[in-house]
Amino acid sequence: MATTPMMDVPTIQTTRFEYLVVPLKDAKNLKKEEDVFVPELLNERGEEGWEAVGLTLKYGDLMAWPIVLLKRPIR
């Protein structure tokens, strides 16, 4: 019976992520003509290694505000 030679295949390490959902309720009352909204909370999370990867709107009480999905590699 013939045997197949074994090859050393390098192990591929996959990066694992953790996720965080951040509501930005303080942005819900902004008007188009107002100054730029600076989401300090997102800047703080960015300094902690979080990256914004998604955005949607949360509706409630006839208003909408952004919900941001963040991710960062698990250390």
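On a predicted model such as this, the values are computed, not experimentally measured, just so you know. Hydrogens, waters and symmetry mates play no part in the numbers below; they use all other heavy atoms, side chains included.
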_Minimum side-chain heavy-atom gap Val53-Leu70 below 4.5 Å_ =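 In short, these two side chains do not touch, never coming nearer than 4.5 Å.
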
Please report, to 0.1 Å, the donor-acceptor pairs under 3.5 Å made by any side chain of residues 12-24, with sequence neighbours excluded.
| unit_1 | atom_1 | unit_2 | atom_2 | d |
| --- | --- | --- | --- | --- |
| Glu18 | OE2 | Arg72 | NE | 2.7 |
| Glu18 | OE2 | Arg72 | NH2 | 3.2 |

*Verify same cluster id: Trp50, Ile74 (apolar side-chain graph, 4.5 Å)*: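 Different clusters.
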
*Not counting sequence neighbours, which residues clear salt bridge (Lys or Arg N to Asp or Glu O under 4.0 Å) with Glu48? List them please.*
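Arg45.
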
*Atom of Val68, atom of Ala52 and distance for their closest heavy-atom approach*: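 For Val68 and Ala52, the tightest heavy-atom pair comes out as CG1-CB, 3.9 Å.
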
